[in-house]
There are 2 protein chains.
Amino acid sequence: MKYSINEVSKKFGLSIHTLRYYDKEGLMPFLERDRTGNRVFSETDLNWISMICCLKNTGMPIKEIKQYADWCTQGMQTINERKVMLTNHRKKVLMQLEDLKKDLNLIDSKIEVYDNPELAQKMYGGLEKQ
Amino acid sequence: MKYSINEVSKKFGLSIHTLRYYDKEGLMPFLERDRTGNRVFSETDLNWISMICCLKNTGMPIKEIKQYADWCTQGMQTINERKVMLTNHRKKVLMQLEDLKKDLNLIDSKIEVYDNPELAQKMYGGLEKQ
DNA sequence: ATGAAATCTCGAGTTAACTCCAGATCGAGA
DNA sequence: TCTCGATCTGGAGTTAACTCGAGATTTCAT
């Protein structure tokens with residue numbers, strides 16, 4: 001099964017501009033073209049775009065994703081580099097998860113204060129005057 | 001207890017430039033100055049900066065944080081707006097948490113493939129040639 | 001008294017990640 | 001054949017969030 005850029009755009013909620021931008025930045029070095037030069041996306045490409053979205057959503061800069069893509073095209077002699085990169089990135093994602101949980105707790109306690117104004121003085125100095 | 005901008009900078013890992021930028025953007029409408037015009041941070045200010053960091057880290061744009069700060073300075077007639085904003089933001093943070101967990105799973109499964117190359121063909125079309 | 005350290009303002013510069021536009025081309029349907 | 005829609009490229013523009021630099025002021029230890 002093959003897909004046009006428009007179909008991929010809709011599938012991932014990425015604009016066509018963004019997909020072309022990713023390609024231009026070297027994130028999809030393996031993308032094929034039809035005889036008129038249009039991009040043709042395969043299932044493999046869709047899976048790789050999922051991975052791009054995953055890495056992007058977890059804060060990896062595009063240059064680093066490109067590095068990973070480049071390593072992938074270079075074959076098995078780069079397996080270790082790729083594994084190290086992903087393992088380091090995994091640690092960052094774990095920290096993001098922890099941070100996000102703490103942030104959620106802080107937001108929850110703020111909301112609780114709005115629900116129970118009598119708690120206000122226990123809170124953060126009380127910037128939120130009630 | 002009062003703090004200089006330098007102390008606050010170190011406490012939060014925000015640059016002095018960033019703190020002044022936040023102030024300029026209206027994120028700290030309550031900040032006091034000493035007689036020579038230097039910013040003086042109180043405990044309340046530190047707690048509010050924690051909240052700024054929390055909202056910023058969870059993806060709230062600075063303009064929206066400013067809106068919240070403005071509502072805070074307007075007193076209790078804006079309590080409902082503030083509560084609605086935080087409640088909506090909370091939903092987004094919950095979604096971020098879910099997304100982050102999914103992304104972590106994907107990264108984990110990738111790493112697992114690198115640890116067990118024989119799993120490779122089960123994975124994502126196998127862009128990562130091994 | 002003086003030189004260093006910390007702060008200030010204003011405004012310009014930077015970076016990442018898009019986002020858009022103009023002009024060209026190609027393939028399919030009336 | 002003509003036109004419409006989808007795609008292409010190259011390059012310029014945008015936006016958010018900083019980041020920096022110049023020049024001025026104040027404070028404080030020697």
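This one's a predicted model, so the numbers in the text were calculated from it and none came from an experiment. Per chain, numbering begins at 1; letters A, B, ... match sequence-line order.
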B:Asp34 CG to D:dC28 P, in whole Å, measures 11 Å
To the nearest angstrom, the CG-P distance between B:Leu19 and C:dA6 comes to 16 Å
Across all chains, not counting sequence neighbours, the side-chain contact (heavy atoms from CB on, under 4.5 Å) partners of A:Ser9 are A:Ile16, A:Leu19
Residue set satisfying side-chain contact (heavy atoms from CB on, under 4.5 Å) with B:Gln74, at least two apart, ordered chain then number -> B:Asp70, B:Trp71, B:Gln77, B:Thr78
For a quick test of your reading: what N or O donor-acceptor pairs under 3.5 Å do the side chains of residues 20-31 of chain B make, sequence neighbours left out?
from: B:Asp23; atom 1: OD2; to: B:Arg33; atom 2: NH2; distance (Å): 3.4
from: B:Asp23; atom 1: OD2; to: B:Arg39; atom 2: NE; distance (Å): 2.7
from: B:Asp23; atom 1: OD2; to: B:Arg39; atom 2: NH2; distance (Å): 3.4

Letter by letter from the 5' end, nucleotides 5-21 of chain D scores (B base, S sugar-phosphate only, - none; protein heavy atoms under 4.0 Å) --SBB-B-----BBBB-
The side-chain hydrogen bond (donor to acceptor under 3.5 Å, both in side chains) partners of A:Asp115 (sequence neighbours excluded) come to B:Lys83
Contacts table for residues 52-65 of chain B: side-chain donor-acceptor under 3.5 angstrom, sequence neighbours left out:
from: B:Asn57; atom 1: ND2; to: B:Cys53; atom 2: O; distance (Å): 3.1
from: B:Thr58; atom 1: OG1; to: B:Cys54; atom 2: O; distance (Å): 2.8
from: B:Thr58; atom 1: OG1; to: B:Leu55; atom 2: O; distance (Å): 2.9
from: B:Thr58; atom 1: OG1; to: B:His89; atom 2: NE2; distance (Å): 2.7

Whole-Å distance, A:Leu14 CG to C:dC18 C1', equals 11 Å
